[in-house]
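Okay, structure first, notes after.
Hydrogens, waters and symmetry mates are skipped; everything else that's a heavy atom, side chains included, is used. The structure presented is a predicted model; accordingly, all values stated were derived computationally and were not measured.
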Amino acid sequence: MNAAAKSSLLHLSLTDAADALKDGSVTALELTTVALEAFTRIDKAINSAIWLEGAAALEAAEALDKKRKSGATLGPLHGLPLAHKDMYYKAGKLSTCGSAIRKDFRPTYTATVMERLEEAGSVTLGGLNMAEFAQNPTGHNQHYGHCRNPWHTDYCTGGSSSGSGAAVAARLVYGALGSDTGGSIRLPAAICGVTGIKATQTRVSRHGVMPLSFSADNVGPLTQTARDAARFLGVIAGHDPKDPTSSAEPVPDYEAALTGDIRGMRIGVPTNYFFDGIDPEVQAAFDAAVAVLQARGAVILPVTIPHMDAVSTYGGIVSRVEGGTIHAQWMRQRPQDYAVHLSGRLYPSQGIPGTYYLEALARRGAILKAVAAAVFGVCDAFITPTLRMKVPTLLATDIDAGTPGAIETFQDVSINTRPINYLGLPSVSVPCGLDSNGLPIGFQIQGRPFAEARVLKIADAYQRDTDWHRRLPPNVS
């Protein structure tokens with residue numbers, strides 16, 4: 001197989017590659033070999049992987065090919081090479097969490113989502129780069145090196161699922177698990193030009209996943225397309241007895257919902273908060289995306305999202321206090337092993353009064369009800385830019401390097417994504433353009449709780465009439 005043919009295999013979407021495997025036109029061993037070769041060729045520039053286990057992956061792929069030849073029933077991800085943010089536990093395997101503290105950590109049990117992915121037939125290549133303990137929105141990592149944007153390596157990837165976004169954008173894997181506590185799936189999806197979904201809070205098990213915030217953490221995929229995301233999410237969603245917080249809500253057939261028909265669907269565009277100080281290029285790309293949805297028959301309505309000041313304040317309190325609680329012992333015993341920007345986030349959390357934290361939790365339900373009445377009482381979903389700004393450079397957001405203005409820019413990256421986590425809503429980010437620097441722009445679609453099928457339906461309808469999700473970074477071939 002020549003180089004062009006190998007590259008074309010990795011350019012397939014997840015679902016197209018799965019179809020090719022099912023009909024026998026390609027093997028799991030071929031796809032896994034090509035993916036590992038691509039990491040060797042491309043990843044030196046973008047640093048998306050922390051570790052890979054090539055021999056184990058090839059062995060697993062061979063076993064899956066034998067299974068297909070035997071006529072056994074194949075899973076929905078049969079033979080597909082994937083890699084995941086390095087915070088998903090697999091018994092006996094490395095799980096660094098992007099940190100110095102866990103650089104040699106090997107858990108004794110396996111995350112439920114990893115079990116479900118392997119039961120579906122996927123091949124795990126290794127652990128992907130990430131922000132230290134999943135706690136920054138840019139992709140900086142002082143311990144394993146900064147992850148770099150495949151579109152331009154001077155720019156950030158978004159975080160904290162930085163390696164997941166970069167690896168999918170560079171076509172090294174067909175999909176990757178990320179996690180989202182304040183935008184950590186949707187930000188790298190938008191900034192790297194791929195599709196990423198954060199489902200409803202509790203929709204996906206968090207058993208065996210390094211926590212950041214008990215009340216805001218979400219597990220989800222980054223993929224090329226909305227259809228890919230639908231298939232991936234369908235595999236990992238659903239109740240897990242090992243995670244008592246996981247929902248027992250039935251999991252629908254997400255792919256079946258992707259009909260392309262959004263005629264009459266009411267889509268809200270907020271009149272407050274999400275567009276304050278927006279970059280004109282981002283606004284123009286968003287407006288063009290709205291026009292595509294209108295042309296498909298959607299009805300666009302203005303909506304006001306209530307209590308946004310409270311949502312932002314309470315969300316920050318919850319994530320900081322819970323993050324500080326999880327790290328309290330290490331902060332006392334190993335403070336030198338945290339990056340400066342992470343210490344600056346964790347230590348102040350110790351000074352937040354417990355009454356503030358409990359208030360933030362207690363008000364959550366009432367605020368969500370108010371949002372549901374004001375927004376979902378009139379709309380089926382609402383859409384916003386994923387970021388208000390153009391993609392910033394790594395230097396412009398490097399707090400540890402002392403770059404002037406880095407703290408403000410760093411914080412502004414996730415200003416549009418963080419509120420969605422406090423509200424617990426499903427949200428998918430899809431690419432919708434390129435800025436004047438050649439970096440991706442994305443917009444996000446939110447629905448009422450457990451409306452993943454609806455937001456994916458809108459995303460898929462948009463992608464049927466656009467090709468931003470199929471664009472390749474300039475040095476990817």
Side-chain angles (χ1 to χ4, degrees), residues 46-48 50 85-87 95-105 127-149 153-166 178-184 187-188 191 210-213 216-217 312 315-352 387 389 391-415 417-418 421:
I46 62 175
N47 194 33
S48 69
I50 291 178
K85 189 175 186 176
D86 198 24
M87 56 181 277
S95 184
T96 69
C97 302
S99 69
I101 290 173
R102 284 200 154 178
K103 64 183 177 65
D104 299 315
F105 176 62
L128 297 177
N129 206 348
M130 57 180 286
E132 181 180 355
F133 287 122
Q135 295 205 44
N136 80 50
T138 57
H140 289 84
N141 189 300
Q142 300 294 338
H143 308 297
Y144 299 94
H146 305 326
C147 193
R148 296 180 176 273
N149 197 311
T153 55
D154 289 343
Y155 288 78
C156 75
T157 55
S160 60
S161 309
S162 49
S164 300
S179 68
D180 195 311
T181 305
S184 291
L187 291 172
I191 291 173
M210 174 66 200
L212 166 56
S213 170
D217 289 346
S312 296
I317 290 171
V318 168
S319 64
R320 284 179 179 272
V321 170
E322 292 181 349
T325 301
I326 290 165
H327 287 269
Q329 184 172 346
W330 283 335
M331 289 162 60
R332 290 190 293 268
Q333 296 175 346
R334 305 182 61 172
Q336 74 281 359
D337 288 328
Y338 288 98
V340 172
H341 73 267
L342 187 49
S343 296
R345 172 185 173 85
L346 290 174
Y347 282 102
S349 70
Q350 304 298 313
I352 298 175
L387 286 83
M389 63 171 68
V391 178
T393 63
L394 282 162
L395 181 60
T397 49
D398 195 338
I399 296 173
D400 294 356
T403 304
I407 293 175
E408 292 77 13
T409 305
F410 183 96
Q411 292 173 335
D412 286 347
V413 168
S414 57
I415 198 168
T417 54
R418 292 192 303 264
N421 293 78

Next item on the list: Please tell me if the side chains of Asn136 and Leu342 come closer than 4.5 Å, counting only heavy atoms from C-beta onward.
Entry: no
Notebook entry, point to check: Can any side-chain N or O of Asp217 pair as donor or acceptor with the backbone N or O of Pro211 at less than 3.5 Å?
Noted result: no
Checklist line | Criterion side-chain hydrogen bond (donor to acceptor under 3.5 Å, both in side chains) on Ser48 and Asn129, from CA distance to verdict | finding: CA-CA 5 Å; Ser48 69; Asn129 206 348; over 6 Å; no
Margin query: If the test is side-chain contact (heavy atoms from CB on, under 4.5 Å), which one of Cys97, Ser162, Ser184 qualifies with Lys85?
Written below: Ser184
Next item on the list: Nearest 0.5 Å please: distance from the OG1 atom of Thr157 over to the CG atom of Leu394.
Entry: 7.0 Å
Item checked: Distance-minimising heavy-atom pair for Trp330 and Arg102 -> CH2-NE, 3.5 Å
Note to self: Determine whether a donor-acceptor pair (N or O, by modelled atom type, separation under 3.5 Å) exists between the side chain of Asn421 and the backbone of Gly315.
What the structure shows: no
Item checked: Donor-acceptor contact present, side-chain Ser213 to main-chain Gly323, <3.5 Å -> no
Check: Residues two or more places apart in sequence or in another chain: which of them pass ring pair (Phe, Tyr, Trp, His ring centres under 6.0 Å) with His143?
Finding: none
Check: salt bridge (charged side-chain N to carboxylate O under 4.0 Å, His left out): which pairs involve residues 397-414, sequence neighbours left out?
Finding: none
Check: Nearest 0.5 Å, what's the NE2-CG distance between His146 and Leu395?
Finding: 9.0 Å
Next item on the list: Kindly say whether Tyr144 contributes a backbone atom to a donor-acceptor pair with the side chain of Asn47 at under 3.5 angstrom?
Entry: yes
Next item on the list: Would you list the pairs meeting salt bridge (charged side-chain N to carboxylate O under 4.0 Å, His left out) in which at least one residue belongs to residues 338-352, sequence neighbours left out?
Entry: none
Check: Do other residues, nucleotides or ligands put more than 12 heavy atoms under 6.0 Å from the CD atom of Gln329?
Finding: no
Check: How far apart are the closest heavy atoms of Pro335 and Ser343, and which atoms are they?
Finding: O-OG, 4.3 Å
Note to self: As a test of understanding, state which of Glu132, Gln142, His327, Gln135 forms a side-chain hydrogen bond (donor to acceptor under 3.5 Å, both in side chains) with Tyr338.
What the structure shows: His327
Item checked: Flag side-chain contact, heavy atom, 4.5 Å: Thr138 against Phe410 -> yes
Next item on the list: Check whether any side-chain N or O of Ser414 sits under 3.5 Å from a backbone N or O of Thr417 as a donor-acceptor pair, and report yes or no.
Entry: no
Checklist line | Exercise: identify the closest heavy-atom pair between Ala134 and Met87 | finding: CB-SD, 4.2 Å
Next item on the list: Kindly write out the residues that satisfy ring pair (Phe, Tyr, Trp, His ring centres under 6.0 Å) with Phe105, not counting sequence neighbours, or none if the list is empty.
Entry: Tyr89
Check: What is the distance from atom CD1 of Ile326 to atom CG of Leu346, rounded to the nearest 0.5 Å?
Finding: 9.5 Å
Checklist line | side-chain hydrogen bond (donor to acceptor under 3.5 Å, both in side chains) partners for Asn141, two or more places apart | finding: none
Check: To the nearest 0.5 Å, what is the distance between NZ (Lys103) and CG (Asp86)?
Finding: 13.5 Å
Checklist line | Nearest heavy atoms of Pro188 and Gly183, plus distance in Å | finding: CD-O, 3.9 Å
Notebook entry, point to check: Among all residues two or more places apart in sequence or in another chain, which pass the side-chain contact (heavy atoms from CB on, under 4.5 Å) test with Pro392?
Noted result: Cys156, Met389, Thr397, Thr409, Val413
